Amino acid sequence: MPDGPVGAARAASVGPGWDDYLDRLDAVIGCTDPDRILWEPYLERAEGYGALFS
């Protein structure tokens with residue numbers, strides 16, 4: 001991903017989604033209910049991902 005605003009925007013929009021999907025996969029593999037995982041905490045991480053590229 002490029003540095004600067006373009007990379008920051010991409011990381012902020014993609015990073016939380018990947019975290020959510022991977023945690024849901026981990027829940028399924030671990031035989032727990034993936035619906036117990038809430039989206040809002042992942043969305044709150046978006047700014048942190050963006051800061052890595054700005």
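Owing to the predicted nature of the structure, the values given are computational and were not obtained by experimental measurement.
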Do any side-chain atoms of residues 4-12 form donor-acceptor pairs under 3.5 angstrom with protein atoms, and if so which ones, sequence neighbours left out?
none

Could you give the side-chain donor-acceptor pairs of residues 35-48 under 3.5 Å, partners two or more places apart or in another chain?
{"from": "Tyr42", "atom 1": "OH", "to": "Asp23", "atom 2": "OD2", "distance (Å)": "2.4"}
{"from": "Arg45", "atom 1": "NH1", "to": "Asp19", "atom 2": "OD2", "distance (Å)": "3.3"}

### Query
Between Phe53 and Tyr49, which heavy-atom pair has the shortest distance, and what is it?
CD1-O, 3.6 Å

### Query
Should side-chain heavy atoms under 4.5 Å link Ile, Leu, Val, Met, Phe, Trp and Tyr, which residues sit in the same cluster as Leu25?
Ile29

